[in-house]
Every structure is written in C-alpha cells, then in structure tokens.
Amino acid sequence: MRVAVVPGPGESGLLRELRDDGGPARPVVRVDDLAAAVREYERSDEPRWVWPSAALVYQRLLQAGVRVARCHDVALAEALISGRDAALGAGAAPGTAGTPMGAPAPDTLLADARALLKAAEANAPSSQELGQPVLFDAVEAGAGEHVDPRALLDAVVEIHADQLRCIAADEHPDKFGLLATAESAGSLVAAEMTLAGLPWRPEVHDGLLTEMLGPRPKLPGQRPARLAELADQVAAAFAKTRAQMPGSRPVNPDSPAQLLQALAADGIRLSSTRLAVLKDVDHPAIAPLLEYKELARLASAFGWSWLDTWVRDGKFRPEYVVGGVVSGRWASRGGGALQIPRLLRRAVVADPGWVLVVADAAQLEPRVLAALAGDRAFADAAMGGDLYAELATAFGGERAKAKVAMLSAMYGGAGGEAGQLLAILRQRFPAASGYVEAAARAGEEGRVVRSVLGRTCPPPSANWRALTEDPADPDAERDPRAGQASRARGRFTRNFVVQASAADWALVMLVSLRAELAKIISRNGAGDGLSPGPSAAIHDRDGGRPELVFFQHDEVIVHCPQDQADAAAEAVSRAAAVASRLVFGPTRVAFPLSTAVVDCYADAK
DNA sequence: ACCCCCTGCGCG
DNA sequence: AAAGCGCGCAGGGGGT
C-alpha cells in the first residue's frame with residue numbers, strides 16, 4: 001500500500017492512501033500526531049510512504065522515534081527522471097543509453113505542483129538541525145507558513161503518479177524502478193546514519209593532533225608549534241635571496257603564489273606547488289615544505305576546530321547528500337565526512353561492549369565493468385578474490401601492470417606505459433575494452449550514457465556544444481580547445497558508466513543491508529525493528545541493535561553489540577549477494593566484500 | 001566586510 | 001603529444 005504524507009503545523013500531518021498506480025484511493029486524512037499515525041501503519045500495512053523529501057518528513061519522524069521500512073522520495077525520483085529526460089535533446093548512445101521516453105508533456109497542473117514542491121524543499125531543515133531540536137522546531141514552523149500542507153499533499157500525489165508513469169515508460173522499467181526505490185531507501189539510511197553518528201573519540205583525535213602538531217594553540221588563528229617551526233624553516237631557506245630584495249616578507253608556505261615566486265628567484269621555475277611537482281625539486285626549502293603541507297592539511301581540515309564543530313557526545317554526525325554526485329555516489333555536507341584521513345580512523349572506536357563491522361567491496365569498479373560488458377574472459381578473471389592477480393597472466397605475470405591497464409581503461413588514462421598496456425587489454429578482453437571505448441565515443445560526440453540501473457549522465461553544456469560543433473565553413477580552422485573538450489567529456493562518460501554502475505551496486509547493497517539488519521532486530525525481539533530511540537536509551541533497554549553508521553562509496557560500517565557481530569557480518573554478505581543479483585542478474589562475476597569485526601576503524605584491513 | 005574563483009589535497 | 005574520473009573543504013588572492 002502506498003500512502004502519501006506531508007507534515008502540517010505542530011505534530012500534525014496529512015495522509016492519503018493511494019492506489020498502486022498512484023491515484024488517490026481514499027480521501028485526505030488529517031492526523032494530530034503524524035508520528036503515531038505512521039507508526040500505526042508500519043505495524044500492519046507494509047506501507048510505502050510517498051513524501052516530498054526525507055528532509056521534510058523523515059527527520060521529524062526519526063525525532064519522534066519512528067522509523068519506516070519503505071518510501072518513495074518524490075524529490076529524488078524527480079532528479080533521476082529529469083536527469084534522464086534532459087538527455088533526450090542530446091541524443092542517446094546506442095547500447096549504453098536509453099531511447100526517448102513517451103513522458104507526457106508537463107501540463108500546467110504538474111508544473112504548478114513542481115513549483116510548490118520546490119518552495120517546500122527550500123524551507124526544509126538540514127540534517128544538521130537533527131541534533132538540535134530547538135533550531136529544528138524554528139525552521140519547521142517557518143516552513144509551515146510558506147506552503148499550505150493540503151496543496152503540498154496534492155502536488156505530491158500528482159507528481160508521484162506522473163513519476164510512476166515515467167518509470168514504467170523507461171526502456172528498462174524494472175531496473176529504473178529499482179533505482180528509484182533504492183535511491184529513496186538510501187535517503188532513509190542517510191537520515192538514520194546522521195542520527196546514529198559515527199563513534200568518535202575526541203581524546204584519541206586530540207592525542208594524534210598533539211603528537212604531530214604540538215599542543216593545541218591558545219588562540220584560534222595561531223599556528224601549532226610544529227607548523228610554526230616548519231614555516232620558519234621554509235622561510236629561512238629562502239632568506240638569503242630574499243635579503244637582496246628590499247621590502248620582501250618571509251615566504252608564507254600556505255601561499256602557492258609566494259612559493260612559486262621565491263623558488264623562481266632561486267632559479268627554479270615550477271608549474272605548480274603540487275606535491276608531485278615539488279617532490280623532485282632540489283632546494284633546501286622543499287623538505288620542510290613537504291612536511292609543512294602534510295601537517296597543515298591535517299590541522300586545517302581535521303584539526304581541533306573540526307573536533308569542536310563536528311563531534312558531540314562521542315559521535316560524528318555528518319549530513320549525507322544522497323545522489324549528490326552525478327554518478328549517483330553520495331556527497332556529504334559538513335565535516336568532510338567522505339574524506340576522513342586514514343590516519344584519523346584511529347579515533348573511530350566502537351562503544352564499550354560494541355564492535356564495528358567494516359565491510360569493503362574489493363576492486364568494485366573493474367568487477368562492475370566485467371559484469372556490465374559481459375566479457376567472458378574478463379568475467380572469469382573476476383570470479384576470484386584478487387581480480388588484478390587473475391589478470392596478471394595477460395601482462396607477463398605483473399599484477400601492477402594489470403592494475404594500471406584497468407585504471408587507465410576506466411579513467412581514460414594514456415600517460416606513461418598505459419597505451420601499451422591498453423593495447424594488451426583490448427586484445428585479451430575485447431568486450432570490456434569495447435564497452436568503455438563506446439562510452440568514451442558517446443561522450444566525445446556529445447551523447448549521454450547511462451549506468452546499469454539507468455542513471456543518466458548530464459548532457460554537455462551549451463558552451464561545450466558551441467565549442468565542439470563543426471564549423472559552418474568546412475575550411476575554417478577548428479578551435480584547438482574543441483578536441484580537448486571533446487576528449488575530456490569522453491573521459492567523463494567513459495568513467496561514468498563504471499563509477500555510476502558501481503554506485504548502483506553499492507546503493508542496492510546498502511539498502512539491502514538495512515533490510516537484513518532489520519530482520520536481525522526483529523528476530524532478536526528488539527522492538528519492532530523499526531522504532532529507534534536515542535541510542536543511549538537503546539543501550540539501556542535491550543543491549544542494543546545493529547546500526548549503519550557510515551557509508552563511503554564502496555564501504556560500510558555497522559556499529560553493533562559484540563554478540564551480534566556475526567549476524568551483522570552475515571547480513572553484509574547476504575546484502576552483497578542480493579545486490580549482485582538485483583543489479584546485474586545472473587553473472588559469473590563475483591563481488592566479494594572484505595569484512596572485518598574490529599573495535600577501531602583503523603584496524604580494519 | 002563579503003563573495004567568488006583558484007590551488008591544493010584528503011577520500012573513493 | 002597528452003589532460004586518466006568523481007567529490008568537499010580550507011586558504012590565498014582578487015574583486016566589489
């Protein structure tokens with residue numbers, strides 16, 4: 001059963017039961033306690049909640065201690081569908097892209113509905129307000145004034161019905177429908193993960209910082225001792241030449257411009273101050289500079305102020321942006337959640353009596369390519385545990401060469417010996433090479449490509465089209481930037497088919513894992529498997545339940561009581577199997593997950 | 001004071 | 001010959 005839902009003033013809300021085709025089945029119902037009404041439906045009717053967005057509805061439910069099993073997120077589905085349909089003008093790439101859809105022209109009613117939905121979205125609270133009830137209420141109250149709940153509900157119902165038609169009209173409705181469902185479920189996971197938080201030990205983090213940087217500076221803008229020391233060494237290394245330049249200040253190692261200038265004054269001209277460039281330079285400033293850059297990076301991105309801002313009550317609670325990346329990967333807002341330095345994983349420690357189940361999909365992208373392309377020889381290599389090792393025989397037994405060849409094929413690399421290795425790849429694994437080559441060609445020609453579940457890459461910009469279109473006069477000289485732009489887009493689409501399909505698999509794995517974990521919870525009789533509470537309360541009540549606490553492209557972390565670790569690990573491997581079957585159907589390609597049960601994230605793999 | 005773009009680097 | 005892909009964030013430096 002589908003039920004449309006929007007929040008109203010205070011605790012209230014509006015509900016409307018829908019038919020399977022999205023049409024209204026019953027009149028609109030107003031409830032005083034929305035969370036209670038939702039909980040009641042969850043007990044008996046296996047509803048799929050149809051709501052404008054998780055930000056508008058689910059956060060509020062979670063705050064009230066109510067989880068749901070399934071939803072249709074209208075905003076996320078909209079992004080998938082309009083992403084697909086925006087590509088129509090660009091022309092579809094055969095084999096990898098869809099055909100034009102028979103989507104009905106948006107009539108004014110739908111257009112109005114969409115405008116209304118947008119207005120509501122603009123007022124949605126961010127996940128960050130989740131942990132701050134006072135702010136949350138204030139924002140929510142503000143949102144209520146701008147958009148009439150009844151009008152919003154009607155808009156949700158209309159758009160949802162239209163979306164079901166758009167999905168059914170897809171070239172592969174089952175897969176595209178799975179994508180919309182998984183994306184929606186992903187937003188449930190995202191909100192729940194923000195609430196749960198990644199266990200984070202501030203004292204461990206602080207200890208690492210102090211060890212490397214020296215004690216925390218008294219004043220915020222101040223350089224920690226070790227950084228100040230290194231900055232002085234860098235400046236000193238340039239001092240001799242600088243002394244002859246009147247009015248010159250000490251070189252600031254944070255300023256690429258000053259560094260380039262200072263190096264040039266000493267006769268060293270560089271294209272940039274990147275690590276890779278600096279590494280090979282012979283100058284007394286380089287050694288302290290490289291160390292400075294590494295430590296300064298840590299201090300500015302994940303230093304004490306980060307700790308103050310992002311860690312509360314032993315938990316790091318970033319906001320995840322589902323589908324925030326064109327490829328369908330998640331993005332995050334605040335705290336650089338998806339760029340946590342490996343070094344700081346030392347600070348991610350399970351609660352007492354709990355463990356972290358860390359699972360990582362091994363060599364996901366090349367395996368995805370093997371499954372996508374249906375390359376028999378390649379798929380055979382992908383049946384085992386180490387794909388690159390299996391491929392190595394084709395490259396004179398050198399695993400490293402096999403890896404370079406694969407990465408070059410997926411990224412469009414051609415430097416160094418890549419060209420030679422690609423030739424081998426093309427010869428031994430023609431279907432796999434052909435798949436990414438076709439995607440690259442489609443991109444170069446301005447067409448779009450799609451992931452295995454039908455996520456579509458953006459069409460080229462107007463700028464790109466203007467730049468790359470054939471000149472009206474065939475004798476006219478072509479802009480040299482045209483070829484460059486064309487090849488750049490080719491690399492993008494080449495990578496998109498792999499990265500986006502890997503994201504499809506990872507997303508389906510993640511939401512399947514959520515479902516598997518819910519089974520454990522209900523088996524254990526820990527509540528109904530749906531209702532969370534503040535995690536402290538759960539610890540006290542029944543020993544706790546497994547919680548997804550982190551997701552990073554091809555890696556998940558489950559935080560759970562020690563005695564549930566085995567069950568959680570089994571859930572992970574079942575989820576991977578489910579994802580492989582749902583996304584790729586029958587395939588001989590294996591998608592192994594390396595799973596570790598650890599106290600500390602840094603101890604995984 | 002603020003905004004915007006660039007550079008550089010962390011993660012996958 | 002050359003430019004393998006995708007992000008978020010901080011700081012510098014120029015603009016207003």
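- Phosphate contact (OP1/OP2 of B/dG8, side-chain N/O of A/S272, threshold under 4.0 Å): present.
- OP1 or OP2 of B/dG12 sits under 4.0 Å from a side-chain N or O of A/R342.
- A donor-acceptor contact closer than 3.5 angstrom is absent between the side chains of A/S53 and A/D73.
- No contact: A/L364 has no heavy atom under 4.0 Å from any strand.
- Rounded to whole Å, the distance from CG on A/D254 to P on C/dA10 is 14 Å.
- Within 4.0 Å of A/A488, counting heavy atoms only, lies no atom of the nucleic acid at all.
- Between A/F302 atom CZ and C/dC9 atom C1' the separation is 8 Å, expressed in whole Å.
- Between A/Q552 atom CD and B/dG10 atom C1' the separation is 10 Å, expressed in whole Å.
- Rounded to whole Å, the distance from CD on A/E319 to P on C/dC9 is 10 Å.
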A/L507 vs A/W330, side chain to side chain contact (heavy atoms under 4.5 Å, CB included): CA-CA, chis, key distance, verdict = CA-CA 9 Å; A/L507 177 67; A/W330 289 12; 3.9 Å; yes
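- In terms of phosphate contacts, A/Q258 brings a side-chain nitrogen or oxygen within less than 4.0 Å of OP1 or OP2 of C/dG13.
- Taking atom CZ of residue A/R494 and atom P of nucleotide C/dG6, one finds them 13 Å apart after rounding to whole Å.
- Rounded to whole angstrom, the span from the CD atom of A/Q339 across to the C1' atom of B/dC11 amounts to 5 Å.
- At a threshold of 4.0 angstrom between heavy atoms, the contacts of A/V498 with the nucleic acid are absent.
- Taking side-chain N and O atoms only, A/T273 has a distance below 4.0 Å to OP1 or OP2 of B/dG8.
- Ring-plane geometry between A/F378 and A/F429 is classed as tilted, the angle between the planes lying from 30 to 60 degrees on a 0 to 90 degree scale.
- Side-chain N/O atoms of A/K293 include one lying less than 4.0 angstrom from OP1 or OP2 on B/dC9.
- Taking the P atom of each, C/dA2 and B/dG10 are spaced 26 Å apart, rounded to whole Å.
- In this structure, the CG atom of A/L407 is 14 Å from the P atom of B/dG12, given to the nearest Å.
- Scanning atom types as modelled, no donor and acceptor separated by under 3.5 angstrom connect the side chain of A/R329 and the base of C/dC7.
- A/R491 contributes a side-chain N or O that forms a donor-acceptor pair with the base of C/dA3 under 3.5 Å.
- Per the geometry, OH belonging to A/Y292 stands 8 Å off P belonging to C/dG12, to the nearest Å.
- Taking the six-membered ring for Trp and thresholds of 30 and 60 degrees, A/W200 and A/W306 have ring planes inclined between 30 and 60 degrees apart.
- The aromatic ring centres of A/F591 and A/F584 sit less than 6.0 Å apart.
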